[in-house]
Structure formats: structure tokens, C-alpha cells
Amino acid sequence: MSVYWYVDTKDDLMELALDEICAELSTPDLTDEDADWRDQLRGLATDYRDLLLAHPWATQLLGRYLNLGPRSMTFAESTLVVMARSGVAPEMRTGSLAALFQFIYGFCTIEALHQERFRASGVSMEEYFQQVRELVVDRPDFTENYGHAGELLRDGSAEAIATMRERTFDIALETVIAGMEALRDRSEAAGPGESGESGESGESGKA
């Protein structure tokens, strides 16, 4: 109870905890004009994922608290600076970043829930994927549609499973960044005053 000498409520304590772990996030050199914004965004995204995997309890709190502490805001401002150099139209930047970080949040939430399920059921990650492998890897349709994943599942080691997750995350991240580039290119092709997409006002653009 002595902690409440320093904070007023449990909610305040949770927000302080969220902001404290944000000290582990690194930010790119925002003064480097030659830096590739895509590389900087990849670094920010990867750091955010690493943070949530290191502190799985945080995914349960991020949907409930605003997390407006100084460390969190420093990270958020860095993402805005990087996006400003991307060429994506200003009215599309917030939505683009929402797509990126909500994807990471969802990805890490599922990973955290998997880990919680492993602990609750008393099985290791390798044992769980062994059960999955026995169910799917000998099915021709799975082999045809998920060939690379099937090869990794056949291996079944912790290293193979980690490789599969990393590859899935990397491809999804590249998909989001490619979407940002597509928005930028479409906006530039449309010309001034025409975004070519729905803006934050909710009005639909014409192709």
C-alpha cells in the first residue's frame, strides 16, 4: 500500500508502468536527412514488437490506458517525424501509423496469449507445435498452400518456430510499408488537392 503515497490510483500506477518500459525503446537519428524513412520505420516497428514480447502484460493494458507519459510520447513523436519524410499526404499519416502499430499490437497480443495458453496447459511451445504438426503436415492441401511453413513445422524445433514467426512478422511489416508507398504514389499521381483516397474527413476520393 505504500506505493499509494506516490500515486493516487491503480490506473495512475499502470500508466506509469507502461511509460517506464517505453524507456527501452530506441529512436532513430531524426537529424539524418539521408536516412531512408522505411528503414527507420522498420527499426521503430521492430523495437515496439520486441518491447511487447519482453513485457507481455503490456498488451493487456495498452487498450485500456492512453499511455501519454513522456517516454511514450517521445517514441510517438519519432514515428511522426519519420512519417513526415515518407511523402505520404499529411491527412493519411495518422491512419498509416494506426495500421502499422495496431498490426504490431495484434500480432504481439496473439503471441502473448499463446504463451499464456502454453503455461496454463503445462506444455512447451515445441510440444504444442508438435501437436499441430501431427494434424496438418501430412495433408496435401496444407503442403501445397503453406509449403514453407510446413517445412518449418516438420522441423518443430524452437529455432524453426521462431524463424517462422519472424518471417511472418517481417512480411506483414513489409506489406504495411508497401501500402504506405502505394498511398503516397497514388496521392502524388492525383495531384494537388486530390488525395485519391478517403481523407480523415470521411469523404471518398475517386480513382
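The minimum heavy-atom distance between Leu18 and Ala58, with the atom names listed, is CD2-CB, 3.9 Å. Shown here for Tyr48 and Ile104, the closest heavy-atom pair between the two residues is CD2-CG2, 3.6 Å. Shown here for Asp19 and Ser72, the closest heavy-atom pair between the two residues is OD1-N, 2.8 Å. For the pair Ser96 and Met83, the tightest heavy-atom approach, listed with the atom from each and the gap, is CB-CE, 3.8 Å. Between Val88 and Arg184, the shortest heavy-atom distance links the atoms N-CG, 3.9 Å. Here the shortest heavy-atom pairing between Pro28 and Gln40 reads CB-NE2, 3.6 Å.
Atom CG of Leu16 is separated from atom CD of Glu20 by 8.5 Å, given to the nearest 0.5 angstrom. The CH2 atom of Trp37 sits 6.5 Å away from the CD1 atom of Ile177 when rounded to the nearest 0.5 Å. Distance check: Arg38 CZ to Leu173 CG gives 12.5 Å after rounding to the nearest 0.5 Å.
With a 4.5 Å cut-off on side-chain heavy atoms, Leu41 and Ser86 do not count as touching. You'll find the side chain of Leu97 reaches within 4.5 Å of the side chain of Leu80, heavy atoms only. Thr168 has its side chain within reach of Phe107: a pair of non-hydrogen atoms, C-beta onward, lies under 4.5 Å apart.
Although no hydrogens or angles enter the test, the distance criterion places a donor-acceptor pair under 3.5 Å between the side chain of Thr79 and the main chain of Ala76. The backbone N or O of Pro70 sits less than 3.5 Å from a side-chain atom of Thr74, completing a donor-acceptor pair. With hydrogens and angles disregarded, no donor-acceptor distance shorter than 3.5 Å links the side chain of Arg71 to the backbone of Ile21. In this structure, Arg85 contributes its side chain and Ala35 its backbone to a donor-acceptor pair below 3.5 Å. Not a single donor-acceptor pair under 3.5 Å links the side chain of Thr27 to the backbone N or O of Ser78.
In the displayed structure, Gln115 atom CD is contacted under 6.0 Å by more than 12 heavy atoms of other residues, nucleotides or ligands. Crowding of Glu116 atom CD: a count of heavy atoms from other residues, nucleotides or ligands under 6.0 Å not exceeding 12.
Residues Leu100 and Leu62 fall within the same hydrophobic cluster, defined by Ile, Leu, Val, Met, Phe, Trp and Tyr side chains chained together at heavy-atom separations under 4.5 Å. Both Val82 and Phe103 are part of a single hydrophobic cluster, where members link through side-chain heavy atoms under 4.5 Å apart.
Of the charged side-chain nitrogens involved, at least one lies within less than 4.0 Å of a carboxylate oxygen, so that Arg42 and Asp39 count as a salt-bridged pair.
Annotation: side chain to side chain contact (heavy atoms under 4.5 Å, CB included) contacts of Ala17 (sequence neighbours excluded): Trp57. For Tyr105, there are no ring pair (Phe, Tyr, Trp, His ring centres under 6.0 Å) partners two or more places apart in sequence or in a different chain. Every residue was checked against the ring pair (Phe, Tyr, Trp, His ring centres under 6.0 Å) condition with Tyr65, not counting sequence neighbours, and none meets it. Listed by chain and residue number, nothing satisfies the side-chain hydrogen bond (donor to acceptor under 3.5 Å, both in side chains) test with Glu15 (two or more places apart in sequence, or in another chain).
Of the residues Thr59, Leu53, Leu51, the one that meets the side chain to side chain contact (heavy atoms under 4.5 Å, CB included) test with His55 is Leu51.
Clustering of Ile, Leu, Val, Met, Phe, Trp and Tyr side chains at separations under 4.5 Å leaves Leu113 isolated, with no partner residue. Under the 4.5 angstrom side-chain criterion for Ile, Leu, Val, Met, Phe, Trp and Tyr, the cluster partners of Leu66 are Leu68, Met73.
Geometrically, Arg49 engages Phe169 in a cation-pi contact defined by less than 6.0 Å to the ring centre and at most 45° from the axis.
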